[in-house]
Amino acid sequence: MIEATINTAFSSTAGPRTYWIRTFGCQQNDHDSEILAGLLEACGLLPAASLETSDLAILNSCSIRENADGRFYGHLGIVKAERERRPELLVAVCGCLPRIREHQERIRRSYPFVDLIFGPEDIPRLPELLLKRIRTGRQVHHVSETNDPLVEGLPAARQRRFRALVTIMTGCDNFCSYCIVPYTRGRERSRDSDAILAEVRQLAAAGYSEVMLLGQNVNSWNQKRRPGALDPPGRDFAWLLEEVARTGIPRIRFMTSNPRDLSNELLAVMARHPNIERHLHLPLQSGSDRVLALMNRHYDRARYLEIVREARRRIPDIAFSTDIIVGYPGETEADFAQTLSLVEEVAFDSAFLFQYSPRYGTPASLLAERLPPDVMRQRFDRLLALQNRLSEESNRRLVGRELTVLIEGAADHRPGLLLGRSSQNQLVNFALPPELARGLGTDDSERLGEELEGRFAIVRVEEARMLSTSGTALELLPAGKGTS
Ligand code: SAH
Ligand code: SF4
Ligand code: F3S
């Protein structure tokens, strides 16, 4: 076992004893960091409370937009200063950014102190790469582009007690014209359902209340044949989701659904199983058919609206969230007006809005008709104002209702309150009346948050804000119990 060898190597050399990881990017990157941490802990390392107290610092990067690159390089500067102060600090860079040759070269050239550079495909080899660095004293740069099947059985040091992230597939073959992911994550590969279901059952047995099934495009799970696949060709994501629901885990989330491959069967499965979230994150990107075609999205406005209508017919209380890119090259005022009208028509409960950011190597980055920054900014602000109104209206509709929320911990900016999330993905800050807190041994919200993380509560919503609601708990459900 490489972990055992490492353990010995680290204790016999001046190897690292503690690690610190900073993650940029999506939930897949978050989960990759949990696996990096799991592998390091299997090698005997412990988490450090801060960069300053760590022996090994890892930056798990993202390159989805220019500001993600910027945040990464900003942090690399901070790590550089720490390395100058403590030359014994080991520094590793991984994630999506090193998969882009220009960035890999920039890191080598401008940050020569980085000890390890590796990509998403190389995560299972972290112990081996680290050992090589320790034994040789030389930098190790290992960024594979293998597209191999996902490695099973890796340990994960999970960061949240209430939600476990479960990868069901990786990579993306959609090649939306603006997007870097197919280049950084490689070809689409699905995990076998046996492995996924075994992991979910294990998580349920370990007391997790929620699993989040992850993939860049969950609806194309098992759609690409792969050598050695155990699942027959007819199985799709709707089938998998129903199997996961049947494990009885109290709540299931999934992301991301591409409208292109979303089936009515998936909506039927959601309608049948109350432990599947009453929420669809369905990235729209643009409301203009012309722009959607340029983006290579393979659906149009009419199809998107049809999915929304069908979902609401089958699951009346379903909530919708989305991603939208403002200012795709050549987007006209008329195109943008189409986005505004579609957003209004769907009345999204929440949305992530982005300004178009050219990504080196993608087809869209070669287009000449870039929008002037002030036009982009102005459109972004108009869309944001619209969505803010819709989000607030959505939250206002909840006032007076009783929601079953999964407790995530103490509320961030509301002292004394706890934070929970409904099946519709709405954030609810709430007070726990003393009679419900009795027997918990504390009335401090921080400690209550830790104690109750992963439990369900019934909360009456009393007040709505733009991005959240607040209310009072009426009941605390027994551990391991939850309904939607
Ligand atoms: N696989 C998901 C999206 C993953 S990336 C899907 O297809 O829906 C998350 C979001 O980032 C995308 O939905 C898109 O809105 C945004 N995004 C991706 N590339 C971008 C770019 N070059 N500029 C601006 N936003 C981008
Ligand atoms: Fe990117 Fe499109 Fe794949 Fe999503 S579906 S990851 S936007 S290429
Ligand atoms: Fe970023 Fe890679 Fe995820 S580019 S969004 S971390 S797949």
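Remember, it's 1-based here, ligands and their atoms both numbered in the order they're listed. Worth knowing before you read on, the calculation uses all heavy atoms, side chains too, and leaves out hydrogens, waters and symmetry mates. Please read these numbers as outputs of a predicted model, since none were measured by experiment.
- In terms of protein heavy atoms, atom 3 (Fe) of ligand 3 is closest to C26 SG, 2.3 Å.
- Protein heavy atom closest to atom 19 (N) of ligand 1, with residue, atom name and distance, is Y178 CD1, 3.3 Å.
- Residues R71 and N67 bring no donor and acceptor atom of their side chains to less than 3.5 Å of each other.
- At least one N, O or S atom of C62 sits under 2.8 Å from atom 1 (Fe) of ligand 3.
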**Prompt:** Checking salt bridge (charged side-chain N to carboxylate O under 4.0 Å, His left out) for the pair E265/R272: CA distance, chi angles, key distance, verdict?
**Reply:** CA-CA 10 Å; E265 181 51 22; R272 275 203 290 276; 3.3 Å; yes

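- When hydrogens are left out, the protein atom nearest atom 8 (O) of ligand 1 is P283 CG, 2.9 Å; that is the closest non-hydrogen contact.
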**Request:** Given side-chain contact (heavy atoms from CB on, under 4.5 Å), test I58 with C94 step by step and report yes or no.
**Result:** CA-CA 7 Å; I58 302 184; C94 62; 3.8 Å; yes

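- S63 and R359 form a side-chain donor-acceptor contact under 3.5 Å, judged by distance and modelled atom types alone.
- For the residue pair N222/S190, the side-chain donor-acceptor check at 3.5 Å is not satisfied.
- Side-chain atoms of E188 and S220 form a donor-acceptor pair, as typed in the model, at a separation below 3.5 Å.
- For the 3.5 Å distance criterion, the side chains of E121 and T146 qualify, holding a donor opposite an acceptor.
- Checking Q426 against D349 by side-chain atom types alone, no donor-acceptor pair falls below 3.5 Å.
- In this structure, R312 places its CZ atom where more than 12 heavy-atom neighbours from other residues, nucleotides or ligands lie under 6.0 Å away.
- For ligand 1 and T256, the ligand atoms under 4.0 Å from any heavy atom of the residue are 2 (C), 6 (C), 8 (O).
- In this structure, atom 16 (C) of ligand 1 lies nearest to the protein heavy atom R65 NH1, 3.2 Å.
- Regarding atom 4 (C) of ligand 1, its nearest protein heavy-atom neighbour is Q216 OE1, 3.3 Å.
- Closest protein heavy atom to atom 7 (O) of ligand 1: R297 NH1, 3.3 Å.
- Using modelled atom types and a 3.5 Å distance limit, the side chains of N60 and S33 yield a donor-acceptor pair.
- Residue contact check: N258 has heavy atoms under 4.0 Å from atoms 5 (S) of ligand 2.
- The distance criterion of under 3.5 Å between nitrogen or oxygen atoms is not met by R359 with respect to ligand 1.
- Counting only heavy atoms of the protein, atom 15 (O) of ligand 1 lies nearest to Q285 OE1, 2.7 Å.
- Close approach to C172 involves these atoms of ligand 2, each under 4.0 Å from a residue heavy atom: 3 (Fe), 5 (S), 6 (S), 8 (S).
- Listed by atom number, the atoms of ligand 3 under 4.0 Å from N29 heavy atoms are 6 (S).
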**Item:** Criterion salt bridge (charged side-chain N to carboxylate O under 4.0 Å, His left out) on D30 and R160, from CA distance to verdict
**Value:** CA-CA 11 Å; D30 266 352; R160 307 174 186 85; 3.4 Å; yes

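- Heavy-atom distances between I64 and ligand 1 reach below 4.0 Å in at least one pair.
- The number of heavy atoms from other shown groups lying within 6.0 Å of CZ (F352) does not exceed 12.
- Protein heavy atom nearest atom 8 (S) of ligand 2, with residue, atom name and distance: C176 N, 3.4 Å.
- Short contacts between ligand 2 and P182, defined as distances under 4.0 Å to a heavy atom of the residue, involve ligand atoms 8 (S).
- Scanning all protein heavy atoms for the shortest distance to atom 21 (C) of ligand 1 gives S357 O, 3.6 Å.
- Contact between R260 and ligand 2 is absent, with no heavy atom of the residue lying under 4.0 Å from the ligand.
- A heavy-atom separation below 4.0 Å is not found between Q27 and ligand 1.
- Side-chain contact annotation: N174 with R260, donor-acceptor N/O pair under 3.5 Å present.
- Residue N217 places no heavy atom under 4.0 Å from ligand 1.
- For ligand 3, the atoms closer than 4.0 angstrom to any heavy atom of C96 are 2 (Fe), 4 (S), 6 (S), 7 (S).
- Put simply, no part of M255 is less than 4.0 Å from ligand 1, judged by heavy atoms.
- Annotation: Y356 places no N or O atom under 3.5 Å from an N or O atom of ligand 1; distance criterion only.
- Only the side chain of R185 comes within contact range of ligand 3, with a heavy atom under 4.0 Å; no backbone atom does.
- Enclosure of atom CZ in F113 by more than 12 non-hydrogen atoms of other residues, nucleotides or ligands within 6.0 angstrom is indicated.
- Side-chain contact between S288 and E331: absent, with no pair of heavy atoms (C-beta onward) separated by less than 4.5 Å.
- Summary of contacts: the protein heavy atom closest to atom 7 (S) of ligand 2 is Y178 OH, 3.4 Å.
- Between Y328 and T339, the closest side-chain pair of non-hydrogen atoms is not below 4.5 Å.
- Regarding atom 5 (S) of ligand 2, its nearest protein heavy-atom neighbour is N174 ND2, 3.3 Å.
- If you check the side chains of S50 and T53, you find a donor sitting under 3.5 Å from an acceptor.
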**Request:** For the pair Y73 and H103, evaluate ring pair (Phe, Tyr, Trp, His ring centres under 6.0 Å) and give the outcome as yes or no after the intermediate values.
**Result:** CA-CA 10 Å; Y73 283 111; H103 283 294; 5.8 Å; yes

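- The nearest heavy-atom contact from the protein to atom 9 (C) of ligand 1 is D323 OD2, 3.7 Å.
- Of the protein's non-hydrogen atoms, C179 SG, 2.3 Å is the one closest to atom 1 (Fe) of ligand 2.
- When only modelled atom types and interatomic distance are considered, H281 and D323 share a side-chain donor-acceptor pair under 3.5 Å.
- Only the backbone of F175 comes within 4.0 Å of ligand 2, judged by heavy-atom distances.
- Close approach of ligand 3 to S63 (heavy-atom distance below 4.0 Å) involves ligand atoms 1 (Fe), 4 (S).
- For ligand 3, the atoms lying closer than 4.0 Å to a non-hydrogen atom of Q216 are 7 (S).
- Taking a cut-off of under 4.0 Å to the non-hydrogen atoms of R297, the atoms of ligand 2 that pass are 2 (Fe), 7 (S).
- Distances from ligand 2 to the non-hydrogen atoms of N217 include no value under 4.0 Å.
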